[in-house]
Amino acid sequence: MVRDAQPADLPAVLWLEQSVPGAAHCDESQYTRIFDPAAARRVLLVADGKTHAVPQVIGGFILARVVHDEWEIENVAVAEEWRRKGVGQLLVVCLTTRARREDARAVRLEVRASNAPAIALYSKCGFQQDGIRKGYYSNPTEDALLFSLSLKNAS
Ligand SMILES: CC(C)(COP(=O)(O)OP(=O)(O)OC[C@H]1O[C@@H](n2cnc3c(N)ncnc32)[C@H](O)[C@@H]1OP(=O)(O)O)[C@@H](O)C(=O)NCCC(=O)NCCS
């Protein structure tokens with residue numbers, strides 16, 4: 001089940017973020033401010049994974065920043081044991097469905113050029129590459145591929 005994160009989910013989200021090498025590593029305050037109504041709006045969805053061993057009580061999460069009518073996926077991560085079971089796709093689809101419901105024009109993201117699983121996931125969810133930022137990432141230096149999903153004509 002995918003649901004809105006609650007403050008009690010933050011330790012599990014942070015633990016997963018830190019334990020997944022390919023995930024973006026955001027500032028912890030970026031997560032804690034999600035629940036601050038005065039902060040820039042972010043949406044954090046989690047996929048429950050409570051049947052698995054502690055401390056991992058979520059199977060995955062997705063974090064997006066809302067900037068007017070554009071949503072930007074900042075992070076998505078699925079626990080190793082939950083991979084290739086459709087969790088990542090469910091998270092992306094739930095997020096884009098939410099964005100569409102809120103009249104967003106597009107959902108955007110950037111991804112390391114070598115991150116084949118994530119690129120395959122976004123492509124399967126209908127995202128299209130519309131740009132590249134040369135040498136954008138460091139450690140190691142790598143291009144960022146820009147992807148977007150237009151929601152303009154979506155029903
Ligand atoms: C990318 C990630 C979120 C995918 O999560 P997932 O739950 O395993 O993905 P799903 O099972 O929903 O896969 C959906 C589709 O994505 C593609 N895909 C996912 N993982 C893949 C892989 N390892 N190799 C190739 N294609 C892959 C496939 O098209 C797949 O559909 P299929 O299983 O019917 O072939 C996961 O691998 C992960 O957490 N990676 C580390 C963090 C990361 O890189 N985040 C992205 C930062 S931009």
Side-chain angles (χ1 to χ4, degrees), residues 1-5 9-34 40-67 70-101 104-151 154:
M1 184 187 83
V2 171
R3 57 178 176 78
D4 283 294
D9 294 313
L10 284 183
V13 168
L14 289 165
W15 180 86
L16 182 56
E17 197 223 68
Q18 293 303 317
S19 66
V20 170
H25 297 301
C26 306
D27 195 295
E28 186 170 340
S29 64
Q30 229 165 302
Y31 291 94
T32 53
R33 283 194 313 230
I34 289 163
R41 184 170 171 226
R42 283 188 163 81
V43 174
L44 177 62
L45 304 179
V46 295
D48 276 321
K50 286 193 171 108
T51 55
H52 281 245
V54 285
Q56 196 174 292
V57 293
I58 61 169
F61 72 88
I62 189 165
L63 175 69
R65 190 163 68 116
V66 179
V67 185
E70 292 207 347
W71 291 38
E72 185 191 357
I73 295 177
E74 294 185 314
N75 212 350
V76 54
V78 171
E80 290 275 3
E81 68 205 272
W82 283 96
R83 298 240 177 114
R84 297 311 291 265
K85 293 175 168 49
V87 174
Q89 188 171 347
L90 187 61
L91 286 163
V92 172
V93 168
C94 285
L95 186 91
T96 56
T97 301
R98 173 80 64 89
R100 180 178 288 127
R101 212 167 59 215
R105 196 161 53 89
V107 179
R108 301 188 183 282
L109 61 93
E110 61 204 29
V111 58
R112 277 186 182 270
S114 65
N115 194 342
I119 291 168
L121 167 65
Y122 298 134
S123 301
K124 191 170 186 193
C125 292
F127 284 75
Q128 293 192 326
Q129 191 188 332
D130 55 5
I132 185 166
R133 286 197 183 119
K134 287 279 178 196
Y136 178 77
Y137 290 110
S138 52
N139 300 318
T141 301
E142 196 176 346
D143 298 344
L145 305 186
L146 311 183
F147 279 80
S148 70
L149 175 71
S150 173
L151 302 176

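Counting convention: from 1, in listed order, for ligands and their atoms alike. The structure presented is a predicted model; accordingly, all values stated were derived computationally and were not measured.
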Non-hydrogen atoms of Ala77 versus ligand 1: any pair closer than 4.0 Å?
-> yes
Under 4.0 Å from a heavy atom of Lys85: give me the atoms of ligand 1 that qualify, with their elements.
-> 11 (O)
So, does Arg112 use its side chain to make a donor-acceptor pair with the main chain of Ala118 at under 3.5 Å?
-> no
Give a yes/no verdict on whether any heavy atom in Gly86 is under 4.0 Å from an atom of ligand 1.
-> yes
shortest atom 26 (N) of ligand 1-to-protein heavy-atom contact is with Ala120 CB, 3.5 Å
Distance filter under 4.0 Å to Val20 heavy atoms, resulting ligand 1 atoms | 41 (C), 42 (C)
Starting from atom 45 (N) of ligand 1, locate the nearest protein heavy atom and write down its residue, its atom name and how far away it is, to 0.1 Å.
-> Val76 O, 2.8 Å
Atom 44 (O) of ligand 1: the protein heavy-atom neighbour that sits closest, reported with distance to 0.1 Å | Asn115 ND2, 2.7 Å
Looking only at protein heavy atoms, what sits closest to atom 12 (O) of ligand 1 is Gln89 N, 2.8 Å
Would you mind telling me if ligand 1 is within reach of the side chain of Asn75, the backbone, both or neither, using heavy atoms under 4.0 Å?
-> neither
Which bit of Tyr122 is near ligand 1, meaning a heavy atom under 4.0 Å away: side chain, backbone, both or neither?
-> side chain
Ligand-residue contact atoms, ligand 1 with Val78, heavy atoms, under 4.0 Å | 3 (C), 5 (O), 7 (O), 38 (C), 39 (O)
Trace of the side-chain contact (heavy atoms from CB on, under 4.5 Å) decision for Thr96 with Trp71 = CA-CA 9 Å; Thr96 56; Trp71 291 38; over 6 Å; no
Is Ser19 reaching over with its side chain to a backbone N or O of Leu16, donor-acceptor style, under 3.5 angstrom?
-> yes
Looking only at protein heavy atoms, what sits closest to atom 38 (C) of ligand 1 is Arg83 NE, 3.4 Å
Side-chain touch Phe127/Ile73, heavy atoms, less than 4.5 angstrom = yes
Could you tell me whether Leu121 approaches ligand 1 through its side chain, its backbone, both or neither, with non-hydrogen atoms closer than 4.0 Å?
-> both
Check whether any side-chain heavy atom of Glu72 lies under 4.5 Å from a side-chain heavy atom of Val67, and answer yes or no.
-> no
How far is atom 18 (N) of ligand 1 from its nearest protein heavy atom, and which residue and atom is that?
-> Pro117 O, 3.8 Å
Answer yes or no: is there a donor N or O on one side and an acceptor on the other, between the side chain of Ser123 and the main chain of Ala120, under 3.5 Å?
-> no
Quick one: closest heavy-atom pair of Thr97 and Val93, and the distance?
-> OG1-O, 2.6 Å
How does Lys124 reach ligand 1, if at all, at less than 4.0 Å between non-hydrogen atoms: by side chain, backbone, both, or neither?
-> side chain
Heavy-atom nearest neighbour in the protein, as seen from atom 7 (O) of ligand 1, with distance rounded to 0.1 Å = Gly88 N, 2.8 Å
Looking only at heavy atoms, the pair that brings Gly59 and Trp82 closest together is CA-CD1, 3.7 Å
For residues Asn115 and Tyr137, is any side-chain donor paired with an opposing acceptor at under 3.5 Å?
-> no
Among all protein non-hydrogen atoms, which one is nearest to atom 21 (C) of ligand 1, and what is the separation to 0.1 Å?
-> Arg84 NH1, 3.4 Å
Within a distance under 4.0 Å of any heavy atom of Val111, pick out the atoms of ligand 1 and give their elements.
-> 48 (S)
Does Arg112 approach ligand 1 within less than 4.0 angstrom via side chain, backbone, both or neither, non-hydrogen atoms only?
-> neither
Measure from the side-chain N and O atoms of Gln89 to the backbone N and O of Cys125, and report whether any donor-acceptor pair falls under 3.5 Å.
-> no
What are the atoms of ligand 1, with element, lying closer than 4.0 Å to any heavy atom of Ala118?
-> 1 (C), 46 (C)
Kindly give the heavy-atom pair with the smallest separation between Gly88 and Leu121, and that separation in Å.
-> C-CD1, 3.8 Å
